[in-house]
Every structure is written in structure tokens, then in C-alpha cells.
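Structure, as C-alpha cells:
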Amino acid sequence: MGLQHEPQKTSSSGPVVKKERSLVRYKECRKNHAANVGGYAVDGCLEFMAAGEEGTSDALRCAACNCHRSFHRREVETVTAVCGCPSGSSSRR
């Protein structure tokens, strides 16, 4: 995943570049808190919020429900941008 550059075609102003980026969000918690008694009960946490800074073990724990990030539903959104700008030009003036 990540940023990918893929030349598509050439226009009079230069090559057209396609950029793709994947945005990952973690939504509602799916941890079954009643599994040990044979039931099914979720806690109602609707979105993962990291409990700590990036790079720490708390970054994988939800501040709202105290579950690991892997219990939350993963949602991936791919954003595609196409640029037909000349590669040597800059938008700054």
C-alpha cells in the first residue's frame, strides 16, 4: 500500500500521472465480551481511538473500549488523483 505513481499517457503539457493512496480507518469494535459464557455482546464502541503515541504499544489499544485495534472493523478507502501538470513546473510563485 502507499503512494504509487503510474504514468498513463502524454499530453501537450507533459505526462499524466496517476497517484493512489489508501486511507485505513478502524470502525466499530467487534469483540464479543460474552464469548466465555456462550453468548454474544459487544460494547458499543463505534470507532478506534489510539490510547498512545505512534510507535508505542498503547497506539494499538483503543482509548474508548480498551480493546486491541484488531477487534475493530477495518475500512480501506482508496483515493486516486490524476495530474496532467508538466513535471518541471511548480505551483509556487
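- Applying the side-chain hydrogen bond (donor to acceptor under 3.5 Å, both in side chains) rule to T56 yields no partners; only residues at least two apart in sequence or on another chain are considered.
- Close placement of the H72 and F48 rings is indicated, their centers lying within 6.0 Å of each other.
- Of the possible donor and acceptor atoms, none in the side chain of D58 sits under 3.5 Å from a partner among the backbone N and O of A50.
- Using a 4.5 Å cut-off on side-chain heavy atoms (C-beta onward), K18 and T80 make contact.
- Residues R30 and N32 are not in side-chain contact: their nearest non-hydrogen atoms beyond the backbone lie 4.5 Å or more apart.
- Checked against side-chain hydrogen bond (donor to acceptor under 3.5 Å, both in side chains), E28 has the following partners two or more places apart in sequence or in another chain: R73.
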Discussion item. Test side chain to side chain contact (heavy atoms under 4.5 Å, CB included) on V24 and E75; report intermediate values, then the result.
Written reply: CA-CA 6 Å; V24 178; E75 186 176 83; over 6 Å; no
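- Side-chain contact check for K31 versus S70: every heavy-atom pair is 4.5 Å or farther apart.
- One hydrophobic cluster, built from ILVMFWY side chains closer than 4.5 Å, holds both Y26 and V76.
- When side chains are defined from C-beta on, R61 counts as touching N66, because their heavy atoms get closer than 4.5 Å.
- Contact check for H68 versus C62: no side-chain heavy atoms found under the 4.5 Å cut-off.
- Closest of all the heavy-atom pairs between C45 and A64 is SG-CB, 3.8 Å.
- By the 4.5 Å heavy-atom criterion applied to side chains, H33 and D43 are counted as neighbours.
- Across S22 and T78, no two heavy atoms sit closer than the pair OG-OG1, 3.9 Å.
- With a 4.5 Å cut-off between side-chain heavy atoms of Ile, Leu, Val, Met, Phe, Trp and Tyr, the cluster of M49 takes in none.
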